[in-house]
Amino acid sequence: MPQSRGKAPLHDVPPSAWLLALEVRALWEFSALLPAWPLLNRAPRGDNHPVVVFPGLSANDLSTAPLRRYLQLLKHSACGWDQGFNFGPRPGVLDEAKDQLVRTCESTGRKVSLIGWSLGGIYARELAKEVPQMVRSVITLGTPFAGSHKSTHAWRLYELASGRSVEREAAGYDLPTAPPVPTTSIYSRTDGVVAWQGSIQSPSDKNPWTENIEVVASHVGLGFNPSAWWAIADRLALPEGEWKPFLRETRGRVHELIYPDPTRPA
């Protein structure tokens, strides 16, 4: 992928030890899918356009299987990244991800939506920057694109798994800049792994199709969180070329509790 010098990071402090300990909430988030199913099943349907889902660091397609199955039920042609465990962008990983995107776009004749959980979101964003003509939209879950490597508790695991310096590698990309396609960052202020400030997409005159959606979730549970699933379904169901922002304010008080006001003080 082409590389360019990155902008200065916006955040440099990881979540507190208390929030990190609360990551055990992920079990509750997964168990909440069943009682939430009647509502989740009412989410907007898709148009069978292709969707590729990238897993987080040290995870594989098994971790995204529930989300992909849900999207398939909503009439999206969702698939995994088919590269086993995500141990970082080792030689050939990003090239294969790009090849998969190209193959999917050419075989279906349609643009592809990319979803990335944590590190997987970096792949999705950078691929969309490289071949935007093949990408319909990008959705990230707890992805640390706007903070330094010190804004996450996972950077040491990244270096151990990938064998690369995360600081040196991140400097080669302009991570804070959004790709030139509709881009949604789903994040949580109670994320115990990635500082939420590092997942905030700054407004851009060059790309008015960007947004941040806050949910109440853990980092490990973001891919199983019912409110995150609904937001993903809502975004994917938008007709191509007809993007509009996620409207939390017009859907009732309960909806506003599930999707907090992103403009409130930290």
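All values below were derived from every heavy atom in this structure, side-chain atoms included, with hydrogens, water molecules and symmetry-related copies excluded. Please read these numbers as outputs of a predicted model, since none were measured by experiment.
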Please tell me if the side chains of [X] and [Y] come closer than 4.5 Å, counting only heavy atoms from C-beta onward.
X: Q72; Y: L74; value: no
X: Y158; Y: P89; value: yes
X: R25; Y: T190; value: yes
X: T183; Y: W209; value: no
X: H219; Y: S118; value: yes
X: L101; Y: V52; value: no
X: E126; Y: L175; value: yes
X: E23; Y: H153; value: no

Please report the shortest heavy-atom distance between [X] and [Y], naming the atom on each side.
X: P132; Y: P180; result: CB-CG, 3.7 Å
X: L94; Y: L127; result: O-CD2, 4.4 Å
X: V193; Y: P15; result: O-CD, 3.6 Å
X: S227; Y: I258; result: CB-CG2, 3.2 Å
X: A128; Y: V138; result: CB-CG2, 3.5 Å
X: V13; Y: A195; result: O-CB, 3.3 Å

Is it the case that the side chain of [X] and the backbone of [Y] share a donor-acceptor pair, with hydrogens and angles ignored and the cut-off at 3.5 Å?
X: S199; Y: T143; result: yes
X: T152; Y: H149; result: no
X: K129; Y: T177; result: yes
X: K98; Y: E130; result: no
X: S218; Y: D191; result: no
X: T64; Y: L67; result: no
X: R189; Y: W196; result: no
X: E240; Y: R136; result: no
X: N86; Y: P55; result: yes
X: Y259; Y: L247; result: no

Exercise for review: Determine the interplanar angle of the Y123 and W81 rings, folded into 0 to 90°, and report it as parallel if under 30°, tilted if 30 to 60°, perpendicular if over 60°.
Suggested key: parallel
Practice task
For side chain to side chain contact (heavy atoms under 4.5 Å, CB included), just list the numbers for V112 and M134, CA-CA rounded to whole Å, side-chain angles, deciding distance to a tenth of an Å, and then say yes or no.
Solution key: CA-CA 6 Å; V112 183; M134 295 185 175; 5.8 Å; no
List the steps, then state whether side chain to side chain contact (heavy atoms under 4.5 Å, CB included) holds for F246 with T184. CA-CA 9 Å; F246 186 73; T184 298; over 6 Å; no
Under 3.5 Å, is there a donor on one side chain and an acceptor on the other for E29 and N225? yes
Spacing of [X] atom [atom1] and [Y] atom [atom2] [to the nearest 0.5 Å]:
X: Y70; Y: W37; atom1: OH; atom2: CH2; value: 6.5 Å
X: L222; Y: W117; atom1: CG; atom2: CH2; value: 7.0 Å
X: I186; Y: W229; atom1: CD1; atom2: CH2; value: 12.5 Å
X: L62; Y: R68; atom1: CG; atom2: CZ; value: 8.5 Å
X: R45; Y: L73; atom1: CZ; atom2: CG; value: 8.0 Å
X: L141; Y: S188; atom1: CG; atom2: OG; value: 11.5 Å

Worksheet item: Stepwise, does the side chain to side chain contact (heavy atoms under 4.5 Å, CB included) test hold for H49 with K111?
Response: CA-CA 7 Å; H49 82 278; K111 292 184 178 181; over 6 Å; no
Taking [Y] as the starting point, is it possible to reach [X] by hopping between hydrophobic residues whose side chains are less than 4.5 Å apart?
X: F54; Y: L57; result: yes
X: V93; Y: Y173; result: yes
X: F87; Y: L157; result: no
X: I122; Y: V131; result: yes
X: V51; Y: F224; result: yes

| task | Applying side-chain hydrogen bond (donor to acceptor under 3.5 Å, both in side chains), run through S113 and S137 and close with a yes or a no. | result | CA-CA 5 Å; S113 286; S137 65; 2.8 Å; yes
Residue set satisfying salt bridge (Lys or Arg N to Asp or Glu O under 4.0 Å) with E211, at least two apart, ordered chain then number -> R235
Quiz prompt | Check against side chain to side chain contact (heavy atoms under 4.5 Å, CB included), L236 and I115 | solution = CA-CA 10 Å; L236 290 179; I115 301 175; 4.0 Å; yes
Next on the checklist: salt bridge (Lys or Arg N to Asp or Glu O under 4.0 Å), that's the test. Do R110 and D47 meet it? Break it down for me.
Outcome noted: CA-CA 11 Å; R110 307 185 69 181; D47 58 4; 3.1 Å; yes
Exercise. Would you check, one step at a time, whether the test side-chain hydrogen bond (donor to acceptor under 3.5 Å, both in side chains) holds for N207 with S204?
Key: CA-CA 5 Å; N207 183 357; S204 171; over 6 Å; no
Margin query: Any carboxylate oxygen within less than 4.0 angstrom of a Lys/Arg side-chain nitrogen, looking at R103 and E96?
Written below: yes
